[in-house]
Amino acid sequence: MMSYLYSMRRALLCLIFLPLFFAGSVKAQSVKRYMPPFGVFSVTGGAGIAYYMGDLRGGKINRHLGLGPSVSIGALYRLTEHFSARGELRFYQVSADQKYTPKYQQNLSFKATNPDLNIGFQADLFEYNQHAKINPYLFGGVGVTYMTPTAKLDGRRGSLAPLRTEGVKYNRLPLVFMAGIGISMQVADRWSIGGELCNNFVNSDYLDDVSTVYPDPATLSSDIARRLSDRSSEIGAPRQEAGWHRGNPGNNDKYLFLQLRVNYLIGTKKEAHERRNVRTPRLK
C-alpha cells in the first residue's frame, strides 16, 4: 500500500512539474530574436565521394566501385521560412572499368575529373525562425557539367572526346538535373554541419564516352581512335563488329554524391554591416 501511494505521489509530481519544464523550454527558445527570413545569406561547403552509374558499370554493384572524391562550394539565399535558393560549384571524379563486369571482353574503361555548376531550391522541414537544432531538407535544381573522359593507352592517359571513338561528336557541356535529401545540425550560433545525398541525372550518355554501337574502324580519324574504340584484342578477345552494341543509348548517365557539409550563416546585408561597424568602430 505504501509503495502504491509513493508511486502515485511521484506521478502527481511529474504531472505538476513536467508542464512547467516544457513551458520553461519553450520560453527559453522564444527569447531568440525573430529575423525576417527573406535575404538571409549563408555560404556552404562540402566534401565526400562521387559514384558513377552508366554503360561501363554493368548494371551491378561490385567491390570495384570506382569511387572518386567530390568537393563543393556554394551559397544559400533564404526566400521564406521554409524555402531557400541555392547554387554551387562542384568538382568530382568518376571512373569505371569493364574488366570487373559481365562485359569484360569489351575491355573499355574511363576516368573523368569534371566540374559542374548548378542552381536550385532547398525546402527545409522546420521554419527558419523555429531555430531547430536538427533540420532535414529536400533540394533540387539544374546545372551543367563539363565532361572530360580519359583512358590509359600504352601507359599514358589521354582525352577520349576529341577522338570520337564512336564516330560521333557529342556535346561536352550537357544539362544536369539534380535531386537530393540532406540534414543539418546547428553546432554554434552561425555554424551548422550535416550530410547530403544527391543524385545527378546527366542529359547525355557520353559521360563515359560510351553510348551506342561500334563504328566502322575505317571511318575513325586515327589509329589511336581505333585502338580506344575497340579494346577487345588487348585481352585476346575477338574484335567487335561494326554495329554491335557498345553501350545502351536508352539510358543516360548519372553520378551520385554523398557529402559531409558545413554551413556558415552570414545573415542579411544589414546585419553584416552592423557587425563590421562593431569590429571596426569609426574614429571620431
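Values below: all heavy atoms of this structure, side chains included; hydrogens, waters and symmetry mates excluded.
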Student: Go through the side-chain N and O atoms of D97 and Y104 and say whether any donor and acceptor fall under 3.5 Å apart.
Tutor: no
Student: Any side-chain donor-acceptor pair under 3.5 Å between T113 and Q93?
Tutor: yes
Student: With no hydrogens and no angle check, just 3.5 Å: does a side-chain donor-acceptor pair link S229 and R164?
Tutor: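 Not at all, the side chains of S229 and R164 share no donor-acceptor pair under 3.5 Å.
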Student: Would you tell me whether R157 and T150 have side-chain atoms, one donor and one acceptor, within less than 3.5 Å of each other?
Tutor: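 The answer is yes; a qualifying pair exists.
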Student: Check whether the side chains of S72 and Q259 place a donor and an acceptor atom closer than 3.5 Å, and report yes or no.
Tutor: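 Yes - a donor-acceptor pair under 3.5 Å links their side chains.
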Student: Taking atom types as modelled, is there a side-chain donor on D209 or Y170 under 3.5 Å from an acceptor on the other?
Tutor: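 A pair is found: one side chain offers a donor N or O, the other an acceptor, under 3.5 Å apart.
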Student: If we count only N and O atoms by modelled type, under 3.5 Å, do the side chains of D205 and S211 hold a donor and an acceptor together?
Tutor: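 Their side chains do contain a donor-acceptor pair, which is all the 3.5 Å distance test asks for.
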Student: Going by atom types only, do Q122 and S84 share a side-chain donor-acceptor pair under 3.5 Å?
Tutor: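 The criterion, which ignores hydrogens and geometry beyond distance, is not satisfied for S84 and Q122.
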Student: Is R246 salt-bridged to D55, cutoff N-O under 4.0 Å?
Tutor: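 Looking at D55 together with R246, the answer is no, because their closest N to O distance does not fall below 4.0 Å.
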Student: Salt bridge (charged side-chain N to carboxylate O under 4.0 Å, His left out) between R78 and D124: does it pass, once the steps are laid out?
Tutor: CA-CA 11 Å; R78 188 159 289 279; D124 298 325; 2.7 Å; yes
Student: Do L153 and R231 come close enough that some side-chain heavy atom pair is under 4.5 Å?
Tutor: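 They are in side-chain contact.
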Student: Minimum heavy-atom separation for M53 and Y255, please, with both atom names.
Tutor: CE-C, 4.3 Å
Student: Please find the pair of heavy atoms, one from V94 and one from Y92, that lie closest to each other, and give the distance.
Tutor: CG1-CD1, 3.9 Å
Student: Going by distance alone, is a donor N or O of one side chain under 3.5 Å from an acceptor N or O of the other, for Q105 and N107?
Tutor: no
Student: Could you walk me through whether E88 and R86 pass the salt bridge (charged side-chain N to carboxylate O under 4.0 Å, His left out) check?
Tutor: CA-CA 7 Å; E88 283 188 318; R86 58 181 277 165; 3.5 Å; yes
Student: Taking all non-hydrogen atoms of both residues into account, name the closest pair between S95 and R57 and its distance.
Tutor: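 Looks like O-NH2, 3.3 Å.
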Student: Do T44 and I73 have side-chain heavy atoms sitting under 4.5 Å apart?
Tutor: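 Not in contact.
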Student: Is it the case that Y206 and D253 place a side-chain donor and acceptor less than 3.5 Å from each other?
Tutor: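 No pair is found: no donor N or O on one side chain lies under 3.5 Å from an acceptor on the other.
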Student: Determine whether L258 and Y51 make a side-chain contact, defined as any pair of heavy atoms from C-beta on separated by less than 4.5 Å.
Tutor: no
Student: Verify whether one side chain among T148 and N114 offers a donor that lies under 3.5 Å from an acceptor in the other.
Tutor: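 Result is yes, a qualifying pair exists.
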